[in-house]
Every structure is written in C-alpha cells, then in structure tokens.
Amino acid sequence: MLKGKTILLGVSGSIAAYKAADLASALVKQHADVHVIMTANAMQFITPMTFETLTGNKCLTDTFDRGCPSEVEHIAAASRADLAVIAPASANIMAKLAHGLADDMLSTTMLACTCPLLIAPAMNTRMYEHPATQKNQEILEQYGWEVIEPAVGRLACGDTGRGKFPEVSLILEHILRRIALPHDLEGVKILVTAGPTREDIDPVRFITNHSSGKMGYAIARIAMLRGAEVTLVSGQVSLGEPPFVETVKITGARELFEQVTKRSPEQDIIIKAAAVADYRPASVSDEKLHKSDEDLSIVLERTEDTLQYLGDHKKEGQVLCGFAMETSQMEERARAKLARKHLDLICANNVKVEGAGFGVDTNVITMISPTDTQKLDLMTKEEAAGCLLDRLAAILREKRLAGGNETGSR
Ligand code: CTP
C-alpha cells in the first residue's frame with residue numbers, strides 16, 4: 001500500500017528504539033522507501049546497521065557527514081518525504097521540536113519537513129505525564145503533528161502506566177490512513193455490516209452460519225483509509241476491530257436491525273455484507289434442552305429483514321448496497337433481490353466458486369445495478385472492497401448531481 005512513498009523514520013533515545021526495527025520492516029513490506037534518522041542517544045540502544053540492513057538505505061545520524069548522498073542532506077531528506085514519523089519519541093526530542101531547536105540530524109530534518117508528521121512518544125509514565133511534556137505535546141499538535149498516544153502497561157523501568165510504545169500494527173495503520181490511498185471519500189458517512197448473526201436455541205446452543213466477516217471488515221478498512229467516516233456493525237467474529245472505525249458488536253438479527261436502523265438516517269452509503277439469519281427459534285429455552293430418544297423439531301420464525309426495511313425507507317440521495325451469496329442461479333437471484341429490496345447495487349458471489357467461499361482472503365464478485373452487470377476476477381477481499389467502493393462512490397456522485405439539478409441546492 002506504500003509503493004512509491006518515501007518515509008522518514010526518526011528514532012530517538014528510548015528503550016523502545018529496538019521496536020522501531022519492526023516498524024521499519026513493516027513499512028518495507030508495504031513497499032515504502034524508508035530512510036531512518038537516528039539521534040546519538042538512539043544509537044545507545046540499537047545500531048544504524050540494523051536499519052540499513054532492513055531498509056537498504058543509509059541511516060542518517062550526523063548532520064555534518066561528508067559521505068551523505070546530498071550536500072545538504074537534512075533539507076534533501078525533508079523535501080523528498082511523503083511522511084515523517086518519529087517512533088519512539090523521547091521527552092527530549094518532543095521538547096526540541098516543540099521549541100524549534102535544531103541541533104542534530106533528526107531535529108534539523110523535522111524542522112524542514114512540510115509533509116504529514118506523526119509522533120509516537122514512549123517513555124516513563126511520570127516523564128510522559130509531566131506538565132512540561134504534556135505542554136510540548138500540545139504545542140506539537142498545534143504545529144500539525146499527529147500524536148499516537150502511548151499505550152498503558154508495564155514499562156521497561158518496572159513502573160506501570162501510560163508510556164509504552166504502541167503496537168507496530170497500530171502505528172502502521174496511522175501511517176496508511178494518512179498516505180496510502182487518495183482521500184476521495186472524505187466527508188462521506190458509510191455504515192457497513194459484517195459477519196454472521198447468532199440465534200439462541202437455549203443457554204448453550206445457537207444457530208449461525210460460516211461467515212468470517214472478512215469481506216465486511218475489508219470494506220470498512222478501505223473506506224476508512226480513503227477518508228470516510230465509517231461505522232461497522234459486526235456479528236461475533238475472530239477479527240480485531242479496525243482502528244479509526246466505530247465498531248458496534250451485535251449477536252442476533254434483531255440487535256443488528258436495531259443498531260443499523262437507528263444509525264441509518266445519517267448515512268450516505270450503507271453496505272450490508274453481514275450474513276443475517278433469515279430464521280430464529282420462535283422461543284428460546286431458559287434452561288438447557290436435554291436429549292430424549294425422540295426426534296427434535298425446533299419451530300423457527302422469520303427474523304427482521306434489515307435490508308428490506310432500509311430499502312423501503314431509503315432517504316433521498318442515500319446509496320444502498322446488499323450482498324447475495326448464492327450457490328446457483330447467482331445473477332438471476334441477485335437481480336431479484338436488488339429489485340425486491342430497492343437497492344442501488346448488489347454484490348453477488350457464488351460460494352461454490354474457488355476463492356469465493358467462506359473464510360478465505362479472496363473473493364470473486366459480480367456487481368449488479370438496475371442498469372448494468374460488472375463481473376470482477378478473483379482478487380483479494382481488500383481489492384474487491386476498493387472496486388465496490390469506487391462503484392458506490394460513483395453512484396453517490398450521480399445521485400448528488402441529480403439531486404442538485406432537481407433542487408438547485410447541492
Ligand atoms: N439481510 C438482512 N436481514 C436479513 C436477511 C438478509 O439485512 N434478515 C441482508 C444481508 O445482509 C444481505 C442481503 O440481505 O445484504 C441478502 O439478501 P437475502 O434475500 O436475505 O438473501 P438470503 O439471506 O441469502 O436469502 P434467500 O434465501 O432469499 O436467498
């Protein structure tokens with residue numbers, strides 16, 4: 001996701017400096033061109049050689065190094081960066097940047113940067129919570145730095161509190177959110193549903209399906225990376241909650257209906273990727289059901305059809321997208337659902353097709369609108385999510401244009 005992007009990774013003197021090697025490696029795996037700048041104190045904890053081996057680039061440590069590729073290397077490094085991140089940031093580097101001190105390679109380069117700036121403080125809790133550090137953090141935020149709050153936990157010094165280096169995956173997500181994808185969905189509110197529902201039979205048993213939630217989570221994450229304000233209403237899945245997305249966990253179809261319908265009026269786009277049960281046990285036993293020698297029948301009743309409700313009550317200008325998971329007559333059935341539920345688009349897949357089944361990281365989708373059908377090849381769920389969001393963003397634009405033409409107001 002970072003192909004063609006140049007990232008400056010500043011490493012300052014904190015015991016967490018060794019964790020910056022993982023971050024450098026994660027950035028390289030995303031195909032970023034990573035240039036590490038270390039302070040003298042950082043080199044007490046980890047060597048430049050580690051970063052040079054991981055990134056394939058010379059590690060910058062000395063403003064007056066005559067062996068640097070450019071004569072004024074700190075200015076050249078600042079000019080070519082798409083993003084700069086200091087991780088870990090010590091109290092000292094925060095204080096220097098807050099007050100414009102520029103006395104080494106990292107501080108001079110940062111002062112010359114005009115790209116997005118991220119900073120991940122990591123230090124002892126009392127140092128971090130000291131009013132001087134807190135004030136410096138505020139000043140840095142005023143100067144446009146995005147602060148990645150340190151985590152709470154046991155620190156290297158033995159104390160417990162706020163000051164831990166955040167998970168590398170979280171820092172990476174902050175970076176991706178800033179520069180990985182164009183922010184074409186800025187200002188757009190998107191609600192996504194994902195995963196299976198569970199319908200209780202008794203206190204120990206339930207009816208569910210094989211949905212892993214991966215498709216819905218991929219849509220939520222890509223929409224977030226493209227700048228949308230995303231709400232994810234999710235069934236019980238084993239996936240971690242995506243950062244920067246408001247995630248609402250639900251269990252049954254009724255709860256999904258309530259959580260979605262109370263948020264639906266303010267959404268621009270709603271994407272219903274959840275695999276919702278169509279039936280639930282008509283009565284739930286308070287006690288565990290015990291076996292007998294007889295066959296057992298459970299009476300099932302219909303659940304609320306959230307998508308049908310949303311289609312019947314669609315607000316003007318809103319874009320509604322359903323999913324249809326089929327095993328035969330995919331297009332016909334999906335087209336019937338599109339019409340019946342008053343959708344703008346339906347995303348169909350056949351679970352019997354290789355790479356389009358449950359739990360896998362790929363999908364083969366067909367996007368069907370009232371006017372056309374677009375079949376996509378086998379691709380990752382994140383790539384499929386990107387194509388789906390392109391299509392839905394185009395429909396939203398058309399609706400806004402048509403609404404503007406009719407009312408002359410938009
Ligand atoms: N859906 C819903 N509420 C339900 C059932 C389904 O919102 N109670 C949504 C799903 O999230 C999905 C779409 O409707 O977007 C699936 O359409 P549906 O006609 O219900 O398909 P199936 O559940 O597969 O049912 P059928 O047996 O009619 O194919």
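Heads up: numbering here begins at 1 and tracks the sequence. Counting starts at 1 for both ligands and their atoms, in listed order.
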Which atoms of ligand 1 are found less than 4.0 Å from any heavy atom of Arg340?
-> 19 (O)
Ala253 to ligand 1, any heavy atom closer than 4.0 Å | no
Can you check whether Pro281 reaches Ile207 side chain to side chain, under 4.5 Å on heavy atoms?
-> yes
Decide, yes or no, whether a salt bridge links Arg397 with Asp184 under the criterion of side-chain N to carboxylate O below 4.0 Å.
-> no
Would one find more than 12 heavy atoms of other residues, nucleotides or ligands at under 6.0 Å from atom NZ of Lys315?
-> yes
Mind checking whether His210 and Phe358 have parallel, tilted or perpendicular rings, split at 30° and 60°?
-> tilted
With Ile270, which of Leu320, Leu343, Val233 fulfils side-chain contact (heavy atoms from CB on, under 4.5 Å)?
-> Leu320
Quick check: are there more than 12 heavy atoms from other residues, nucleotides or ligands sitting under 6.0 Å from CD of Glu354?
-> no
side-chain contact (heavy atoms from CB on, under 4.5 Å) with Ser369: which residues, sequence neighbours excluded?
-> Leu345, Thr371, Asp372, Arg391
Side-chain donor or acceptor of Glu52 paired with backbone N/O of Cys59 under 3.5 Å | yes
In the protein, which heavy atom is nearest to atom 7 (O) of ligand 1, and how far is it?
-> Lys272 NZ, 2.4 Å
What residue and heavy atom of the protein are closest to atom 24 (O) of ligand 1, and at what distance?
-> Lys337 NZ, 3.3 Å
Would you mind checking which non-hydrogen protein atom is closest to atom 8 (N) of ligand 1, with the distance to 0.1 Å?
-> Glu304 O, 2.8 Å
Among protein heavy atoms, which sits nearest to atom 11 (O) of ligand 1, and what does the distance come to when rounded to 0.1 Å?
-> Ala274 O, 2.8 Å
Residue selection (non-hydrogen contact nearest atom 12 (C) of ligand 1) among Phe257, Phe323, Tyr279 = Phe323
Of the protein's non-hydrogen atoms, which lies at the shortest distance from atom 23 (O) of ligand 1, and what is that distance?
-> Asp278 OD2, 2.9 Å
Can Lys341 be said to touch ligand 1, with heavy atoms closer than 4.0 Å?
-> yes
Quick check: does Leu256 get an N/O under 3.5 Å from an N/O on ligand 1?
-> no
Any side-chain donor near an acceptor of the partner, Thr50 and Thr47, under 3.5 Å | yes
Donor-acceptor pair, side chain of Gln236 and main chain of Ile250, under 3.5 angstrom | yes
Gln308 near ligand 1 by a heavy-atom separation under 4.0 Å | no
Do me a favour and list the nearest non-hydrogen protein atom to atom 3 (N) of ligand 1 with residue, atom name and distance?
-> Thr306 N, 3.2 Å
At a 4.0 Å threshold, what atoms of ligand 1 neighbour a non-hydrogen atom of Gly322?
-> 15 (O)
Counting heavy atoms only, which of Ile270, Leu307, Leu320 is nearest atom 9 (C) of ligand 1?
-> Leu307
Note: Ala277, heavy atoms under 4.0 Å from ligand 1, region reported as backbone
Logged contact type for Thr303 with ligand 1, heavy-atom cut-off 4.0 Å, is side chain
